[in-house]
Amino acid sequence: MRHLVRFGVLALGSAALVSASGPVPDMEAAVQAAMAETGAKGVAVALIDKGQVVSVKSWGVRNAKGDPLQDDTVMYGASLTKAVFGYLVTQLASEGKIDLDKPIAAMLAKPIPDYGNVEGYGQWGDLAGDPRVQKVTPRHALNHATGFANFAFLEPDQKLKFHFDPGTNYAYSGEGISLLQFGVEKGLGLSVEAELQRRFFKPLGMTRTSLIWQDSFGTNLADGWNENGKAEVHDDRSRVRAAGSMDTTIHDLAQMTAAMVRGYGLPKKWRVEYARGTQKIGSKTQFPTLNNPAGPGEGTDAKAALGVVAFTGPQGAGWFKGGHNDTTANTLVCLERGQRCVLILGNDVRIEKAFPKLVRAALGETGVPYGWEYGVK
């Protein structure tokens, strides 16, 4: 017997809420405790079991006026966008449109540096004279193994450059994702936004999700709170950025999460490939992204996969992805056994400190390396 909690409403009387794997966790006490402990103003949680959404609920407020955070409130997806983009790229690979291990340069009509610095994508002209740019593959980009810093503007000279040979190390990089987006859009002639809408968002009923701002989002929109508890308005993103421009709702992204864990739109071998860890992670923590090597007993045994991080824990294989900015804290954790997931969207970055406890309340002990990702356990 399966019951679905949708928009926080459940009409079951005194009946117990159950799923195919047993009782669905009641997150109420855990979330209330996490908000009290961290001071976070708003958080939304979705639970997935056997590849289906079984619970969706939101707590707190969406803005300084005190309007309630709701299940159809548009929130910033941040770097969870990378996980969704990785799933799209995996589907394109399954169709033979992309070779994950063939250079992105082979998708384009001319050498990458010859395109110069392309607004909305990257400073490809900075890479002139470095032959390594011709070797970067889609897998390198999705594995965060390109050799780039997270973003060029973080470099002392604000120039894009390689810090290691592609595929030889791990360093989280939005620039690598942008290079792959450039290959998909300029090389294959595909719009990432249009492909996501056509292949996933529309078929799954994700009517309030997009990688570019939609005016309709403004009717029910979440602002955010930073580490100091200061409210900041939601940033309207005017460009599609596969590295992190997705706006979504807890209801919508729960549908995508369920689809991803059950392998929607992918042959079985390609669903396995999506979450197959292929890039060793040698850093002590995820950030800073460079010059942060793990010593003995430090770091993680998890490996980077196609837009997510694969791990093995007490319940077997799983994968996760986080999303973060000054006012946003998101996490997505899926376990292959039972196709169980928890998705947490926070419009207050302070809730991030409670993620290990919330994930444990939802799924039990998983083995997610939160010490590596956030420095918390």
Side-chain angles (χ1 to χ4, degrees), residues 79-115 118 120-122 124 127 131-148 165-168 170 172-204 211-212 239-246 256 259-261 263-279 303-310 319 321:
S79 285
L80 294 187
T81 312
K82 295 180 176 72
V84 174
F85 178 59
Y87 200 83
L88 168 64
V89 172
T90 305
Q91 191 176 73
L92 292 172
S94 76
E95 297 167 355
K97 294 180 173 67
I98 285 180
D99 186 327
L100 294 173
D101 298 304
K102 188 175 181 179
I104 295 171
M107 301 163 63
L108 296 161
K110 56 185 180 180
I112 292 170
D114 289 359
Y115 288 91
V118 185
Y121 290 102
W124 314 139
L127 302 172
R132 289 177 290 186
V133 69
Q134 301 300 110
K135 299 178 180 180
V136 177
T137 68
R139 191 184 300 276
H140 292 153
L142 294 171
N143 279 179
H144 297 283
T146 58
F148 300 145
D165 293 342
T168 63
Y170 174 95
Y172 193 90
S173 177
E175 292 285 0
I177 299 295
S178 294
L179 179 58
L180 179 53
Q181 180 185 349
F182 187 72
V184 170
E185 297 195 325
K186 298 302 181 182
L188 301 184
L190 299 176
S191 160
V192 167
E193 170 71 10
E195 291 300 311
L196 285 172
Q197 292 288 351
R198 179 177 70 85
R199 294 167 179 264
F200 304 113
F201 297 168
K202 289 182 179 178
L204 294 171
L211 269 64
I212 192 169
R239 290 194 182 95
V240 173
R241 298 294 298 269
S245 68
M246 180 174 62
M256 186 70 198
M260 290 159 66
V261 77
Y264 175 87
L266 287 180
K268 184 177 180 179
K269 73 172 186 177
W270 284 100
R271 167 58 185 78
V272 170
E273 187 67 15
Y274 171 68
R276 183 172 70 92
T278 57
Q279 177 62 51
K303 294 183 178 180
L306 299 178
V308 294
V309 176
W319 42 275
K321 183 71 187 81

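Please read these numbers as outputs of a predicted model, since none were measured by experiment.
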Examine distances only and state if a side-chain atom of Q279 and a backbone atom of N143 form a donor-acceptor pair shorter than 3.5 Å.
-> no

Side-chain (T81) to main-chain (M246) donor-acceptor, under 3.5 angstrom = yes

Partners passing side chain to side chain donor-acceptor pair (under 3.5 Å) against K321 (at least two apart in sequence or in another chain) = Y172

With sequence neighbours excluded, give me every salt bridge (Lys or Arg N to Asp or Glu O under 4.0 Å) pair touching residues 173-195.
-> E195-R198, E195-R199

Taking side chain to side chain contact (heavy atoms under 4.5 Å, CB included) as the test, write out the residues that go with K202, two or more places apart.
-> Q197

Quick one: list whatever passes side chain to side chain donor-acceptor pair (under 3.5 Å) with Y264, sequence neighbours left out.
-> none

Of all residues at least two apart in sequence or in a different chain, which pass the ring pair (Phe, Tyr, Trp, His ring centres under 6.0 Å) check with W270?
-> none

Sorted by chain and number, sequence neighbours left out, side chain to side chain contact (heavy atoms under 4.5 Å, CB included) with R276 holds for R139, E273, T278

For R271, all residues meeting salt bridge (charged side-chain N to carboxylate O under 4.0 Å, His left out), sequence neighbours excluded | E336

At what distance, to the nearest 0.5 angstrom, does NZ of K303 lie from OH of Y170?
-> 14.0 Å

Using the test ring pair (Phe, Tyr, Trp, His ring centres under 6.0 Å), find all partners of F85 that sit at least two apart in sequence or belong to another chain.
-> none

Residues passing the ring pair (Phe, Tyr, Trp, His ring centres under 6.0 Å) test with H140, sequence neighbours excluded, are none

Which donor-acceptor pairs under 3.5 Å do side chains of residues 104-115 form with protein atoms, sequence neighbours excluded?
unit_1 : atom_1 : unit_2 : atom_2 : d
Y115   : OH     : A109   : N      : 3.2
Y115   : OH     : K110   : N      : 3.4

State which residues pass ring pair (Phe, Tyr, Trp, His ring centres under 6.0 Å) with Y121; sequence neighbours excluded, sorted by chain then number.
-> F182

